[in-house]
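Structure, as structure tokens:
Naming convention: chains lettered A, B, ... in sequence-line order (proteins, then strands); numbering from 1 in each chain.
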Amino acid sequence: MDKTTILTYSLTMKNKFYVTTPIYYVNDKPHIGSTYTTVVADALARAHRLRGVPTMFLTGTDENSQKNVEAAEKAGEKDLQKYLDSMAQIWSQTWKELGISFDDFIRTTEERHHKAVERFWKAVEKSGDIYKKEYERSYCVGCEEFKTPFEVKDGRCPLHPNKELQIVQEENYFFRASAYKDELLKLYHEHPEFIQPVSRLNETRNYVKDAFEDFSISREAKKLSCGIPVPGDDSQRIYVWFDALINYMSAVGYGTDDKMFAKWWPATLHLVGKDIIKFHCALWPAMIMSAAKSDELLRNEDESPKLPEHVFAHGFFTINGQKISKSLGNAIDPLDLVKEYPIDAIRYFLLREITFGEDGDFSLARLAERYNADLGNTFGNLVNRAISMSRKYFDNKVPSLASGIESTFDIQRSGHSAQQTFDGPISWGGKDAVDTLWQSVDQYIESNRLDLALETIWGGEGCSLIVANRLVEETKPFKLIKENPEQAAIVLYTLLEACRHFAWMIEPIMPNIAEEIIRQLGQDPIAERKQGIKYLQSWGGLKPGSELPEPKILFPRNA
RNA sequence: CGCGGGGUAGAGCAGUUGGCAGCUCGCCAGGCCCAUAACCUGGAGGCCGUGGGUUCAAGUCCCACCCCCGCAACCA
């Protein structure tokens with residue numbers, strides 16, 4: 001058994017997959033950045049569901065932030081809750097329109113979340129890691145914001161150096177994060193896979209080593225118009241980050257449904273943007289380490305804390321080379337894109353264009369380029385020409401194979417009679433190459449590298465869209481049909497069956513297109529899916545003699 | 001010395017553990033005619049930011065330097 005086989009095995013044998021996106025602030029509607037995170041999570045969730053792994057995919061909104069209050073005021077909405085409700089609606093609705101298959105949508109103003117936060121706070125408190133401290137904070141009138149000591153340069157705000165900083169005395173609760181420094185470093189050392197990519201692991205390690213300090217985790221209630229009250233102290237409210245992270249637990253029943261919590265926690269994967277890794281990779285595990293000391297629900301059999309398995313930090317998009325910025329007004333609303341391109345094309349573009357973990361650029365020119373080249377020319381055209389020829393030469397049916405499915409294995413065998421019919425070498429690697437491609441795809445999904453999975457499906461050796469197109473040129477079924485109809489049938493069946501495999505391979509990324517292809521191949525996508533992943537990955541699932549409906553163009557040009 | 005990312009063909013990017021420099025688009029020349037003016041083949045085009053070092057061998061490791069960008073301020 002080689003390495004890839006083992007990895008494939010582990011993917012299909014995983015007993016659960018719990019993936020999360022960050023919860024988004026509702027001070028604005030979704031843009032291309034939050035869409036990217038969510039689409040990645042969705043594709044991974046779909047990939048696991050397709051493979052029969054019980055899957056929980058969570059997204060939601062962060063509603064306890066002062067930013068939301070300001071946004072509500074700006075929007076002229078006096079009733080904060082009403083504003084939050086309408087914005088949460090916009091977010092979940094946008095995801096639905098983009099075909100995001102989230103299993104749950106959490107809002108941090110919900111009762112279940114408050115219960116979870118309360119339980120969590122009390123556990124941390126019981127562990128002795130919450131204390132009260134009076135301290136000074138600097139307030140910049142220009143920014144209308146408090147500044148951390150790190151942000152203050154020479155006693156002044158670097159952005160408004162001509163204004164005096166106001167020093168405000170305040171007594172808040174603190175979380176003894178510093179006590180978990182060593183345990184965190186040990187975690188990074190023993191489980192480097194906790195943070196991906198590696199560059200982020202290094203960044204986090206340096207941060208924890210040098211700058212990880214106790215966190216202020218509450219604010220005076222009278223200065224805030226939102227937030228969850230500190231249990232047992234109504235004069236203070238919980239700082240937004242401390243409550244926000246706990247959403248990953250409250251959605252799966254922490255504090256409300258122990259059985260459900262035991263089933264789903266710990267999370268398999270937190271997907272985050274690179275800007276919030278410190279919260280997810282340092283503060284969050286430290287919080288859990290603390291709470292776990294006093295809450296057995298958060299402990300494994302061996303008494304170790306139940307920490308999330310992986311945090312993956314992806315990069316950011318620029319728009320035409322510029323950063324996304326509200327002041328520049330270049331934010332892209334995904335719903336506008338959907339008017340010009342099929343949803344699946346947008347999803348493909350987002351996942352294919354960015355090297356996962358790196359920054360990337362979003363431009364309409366580039367989207368058009370990939371739409372026409374990758375989707376229309378390479379993929380859509382392959383499906384279309386394969387089906388068209390089969391219909392034309394075989395009475396609108398999938399060709400029947402006189403010598404059985406096994407005869408399709410012969411195409412790539414040199415020296416076989418089949419080879420003599422063709423002029424040059426055959427690139428098509430046959431059934432074995434299809435198996436190998438599936439293994440690569442599984443492996444890339446396992447490591448969250450959907451970009452590489454797509455790259456391989458399009459251009460890999462032995463079996464890929466490119467190779468399938470090449471097979472048409474090398475065997476010329478449109479000529480072969482006159483000289484050797486039986487061989488033509490073998491080639492065309494092979495092409496159609498390959499398309500069926502490609503469809504299932506890209507299903508997590510382009511679910512609508514995948515189903516459409518299966519239907520165009522005269523098969524029933526629902527019924528096929530029910531057969532399970534083993535069936536989908538096996539050669540020969542396409543039934544010879546099936547009726548082939550007239551194909552519709554999958555990716556029309558000039559969309 | 002605030003933190004972090006990057007400089008590879010005209011453009012946009014890949015390059016895992018160091019082993020003849022790749023991909024997509026564009027361009028040039030052929031082929032094919034099943035197909036969405038789509039498909040296939042071949043070609044031109046790179047001192048892999050600069051200067052040192054380690055090595056039989058460096059885009060890949062080490063040191064120094066130059067330039068661009070992100071965060072620190074709405075914003076994943």
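At the phosphate of U41(B), OP1 or OP2 sits under 4.0 Å from a side-chain N or O atom of Arg470(A). An OP1 or OP2 oxygen of C39(B) is reached within less than 4.0 angstrom by no side-chain nitrogen or oxygen of Lys476(A). Between Asn27(A) and C75(B) there is a side-chain polar atom (N or O) within less than 4.0 angstrom of OP1 or OP2. For Asn206(A) and C3(B), the shortest distance from a side-chain N or O to OP1 or OP2 is not below 4.0 Å. Here Asn202(A) does not reach the OP1 or OP2 of G4(B): none of its side-chain N or O atoms lies under 4.0 Å away. An OP1 or OP2 oxygen of C34(B) is reached within less than 4.0 angstrom by no side-chain nitrogen or oxygen of Ser388(A). In this model, the phosphate group of A35(B) is approached by a side-chain N or O of Lys392(A) to a distance below 4.0 Å at OP1 or OP2.
Taking the P atoms as reference points, G12(B) lies 27 Å from C20(B), given to the whole Å. Across G10(B) and U17(B), the matching C1' atoms stand 34 Å from one another, rounded to whole Å. To the nearest whole angstrom, the two P atoms, one in A9(B) and one in G46(B), are 10 Å apart. Only the P atoms considered, G19(B) is 11 Å distant from C61(B), to the nearest whole Å.
Across the strands present, C65(B) finds its partner in G49(B); the criterion is a Watson-Crick or G-U wobble pair with both atom distances under 3.5 angstrom. In a base pair of the Watson-Crick type (N1 to N3 plus N6-O4 or O6-N4) or a G-U wobble (N1-O2 and O6-N3), with each distance short of 3.5 Å, U41(B) is matched with A29(B). Across every strand in view, A14(B) sits unpaired, with no contact that passes the Watson-Crick or G-U test at under 3.5 angstrom. The nucleotide C3(B) finds its pairing partner in G70(B), both defining distances of the Watson-Crick or G-U wobble pair being shorter than 3.5 Å.
Residue contacts for Leu382(A): at a heavy-atom cut-off of 4.0 Å it reaches no nucleic acid atom on any strand shown.
Contact of Asn381(A) with A35(B) (side chain to base): a donor-acceptor pair of N or O atoms is detected under 3.5 Å.
Salt bridge status for Lys274(A) with Asp359(A): present, with a side-chain N to carboxylate O gap under 4.0 Å. Using a 4.0 Å cut-off between charged nitrogen and carboxylate oxygen, Arg470(A) and Glu461(A) do not count as a salt-bridge pair.
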